[in-house]
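What follows is one structure encoded as structure tokens, with my remarks underneath.
Note that these values count all heavy atoms, side chains included, but never hydrogens, waters or copies made by symmetry. Numbering of ligands and ligand atoms starts at 1, following listing order.
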Amino acid sequence: MKYCFNAAAAAALALSIAALVAGNPASAQDKSPPPPTSQTAAAEQNWWKNAVIYEIYPRSFQDSNGDGIGDLNGIIQRLDYLASLGIDAIWLTPIYPSPQVDFGYDISDYENIDPQYGTLADFDHLIAEANKRHIRVIMDMVMNHSSDKHKWFLESRSSRTNPYRDWYVWRDGKGQTATDKGAPPNNWQSLFGHSAWEWDQNTRQYYYHKFYAQQPDFNWNNPKIHQAFKNIVAFWLKRGVAGFRFDAIITLFEDPKLTDEDVLKDKDGKTFTNAYGDISLGDARTNNLPGVHSVMAEMRAAADKFNSPKFPGTRIFIGETYLPNIAELEKQYGTTAHPEFHLPMNTQIGFINKLDVAAFHAKLDDAEQHLNGHIPLLVFDNHDNPRLETRYGDGVHDTDIQRVVSTILFASRGASLFYYGDEIGMKTTPPLRKEDVKDPIGVIGWPKEKGRDGERTPMQWDTTANAGFTKAGVTPWLPVPPTYAAVNVKAGLTGTDLLYGWYQALIRLKKTIPSLTNGDQTMLDAANTKVLSWMQRAPGAKPVVVALNFTAEPQTVNLSVPGAGTGVKALLKTPGASDPSSLTAIKLGPFGVFVGEVQ
Ligand code: NOJ
């Protein structure tokens, strides 16, 4: 398919941004098509470098067949809405056949669609309809583990001599005898609580699982696994997917010597326990081992061969890469000769989880200075963490604070990833009773760990029964939060809630203002502990300044920089704020935002 420039859309876009700048709620009613994304072969190749990617949790997005579970046809019904937001791509959390213990992250067939979500024909239809709207589709790819119901694991556990035995990680127990299973091979723990080793009575060995016992880890030292996943990746690339988000990728390898993890101590030298009641351990032997780099380079080389005229454009690799520092993140991009991820997630910024100017300043600087020129992928929210307002809100200025946070996401250099419902300010709604919990970690860890149901509730479309997620009278798989009466897409579109219009405007600025599209990011006003500010500047384009008040008190900042003018034109600002006359005195209300072009 071909992407073409649409002059009418560009004109409508200019108007809608102007309206938002004027703080006019009517702008949120703008129904114009999104700005053109990729028009040329070069743009097709580079689309991901400033991509706006929207994460869909398919189970919770839109139910089309009245079973209370979202599905692919539901997503198709909502593509026009997604197009109006101006996004480039959707990432779907796993939709493969699965026993759904971990809601899709336990895959029992990598080359099909779970009947709960639809069929392969529905998937092809989704790709075609999404592409018509300039939206690319990114799949989740879970290579760390499969379901224990996958045929490979069923074979593997059937006997010690089965050809698939070595596809997973099997070990004898400590002190195991002919009659006694002994203790687990070492002290490693599952991220989801308790020992990471599960005893298999049939073949009398333990298998390793970083996550649930129903998610046995693959043995990536076996070359057959490498080939199997290259085949799976090819299967989906041929169907037209624009790339993959590689799940739990840094846990692919473990220490082959099975050395115990270190027991952590607090500042008083005492051990402590986690939410599951387990003693807290380090993760040096089971996390971020170097073997992952050659695997990803190999997968990338295989995927880079796929480019078809039918589905043009670079197919990208996104990594779920929770890493402790920028140096570790930089390694995930690979080398020029052996590239790995296009966009390993930078979780070091979005999960700071408090409005701390110095911390954001340092981490944004890191992304600019220490990624060797690679493109950062910022992310603030996903299906595994409480939503934005829980982590950043103060309970009084939550919408303003979300404007602050989303401006960091979209007005920084690089690509941006956000989570369904963020654009309308959906709130975390955890279960109140243990018996209502669906996510098993919420059962294992109750009440300290309530699980992830609270951030996976159905999308709030409108004020009808079940918020438009599913038909009236149907019980959705997770309850629709009571907030839907006020927080819903329809309200966002009709201007009673400006957050949707704010997201739309930010995305459009990112796509159309050259310094925001591909400018360098220079942090400003380093000593300021109340206002975070920076400048984006692309060669030959007017610089853009961004100022964010991290406090509930008004602030004034001077953002003039040597060599740039002091005139400034507002591109976007908190509704109701007045225009600054100069860069030397930008006034910000409580949690105020200002984005302006230097004149
Ligand atoms: C990370 C996924 O985002 C999470 O939802 C899942 O439970 C684990 N990986 C295991 O696959």
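N144 and T251 share a donor-acceptor pair across their side chains, judged by distance under 3.5 Å alone. Defined by atom type and a distance below 3.5 Å, a donor-acceptor pair is present between the side-chain atoms of T470 and D63.
Taking a cutoff of 4.0 Å between a charged side-chain nitrogen and a carboxylate oxygen, R433 and D436 qualify as a salt bridge.
The 4.0 Å heavy-atom shell around ligand 1 contains residues D102, Y105, H145, F192, F211, R245, D247, E320, H383, D384, R452, R456, ordered by chain and number.
Just one residue in the list H383, H209, H145 forms a ring pair (Phe, Tyr, Trp, His ring centres under 6.0 Å) with Y105, and that residue is H383.
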Take E111 and I232 through the test side chain to side chain contact (heavy atoms under 4.5 Å, CB included) and record every step on the way to the result. CA-CA 7 Å; E111 295 185 357; I232 291 165; 3.8 Å; yes

May I have the list of side-chain donor-acceptor pairs in residues 316-327 shorter than 3.5 Å, sequence neighbours left out?
unit_1	atom_1	unit_2	atom_2	d
E320	OE1	A248	N	2.6
E320	OE2	R245	NH2	3.4
T321	OG1	G319	O	3.3
T321	OG1	M345	N	2.9
T321	OG1	M345	O	2.8
Y322	OH	N382	ND2	3.0
Y322	OH	N385	ND2	3.4
N325	OD1	A327	N	3.2
N325	OD1	E328	N	2.9

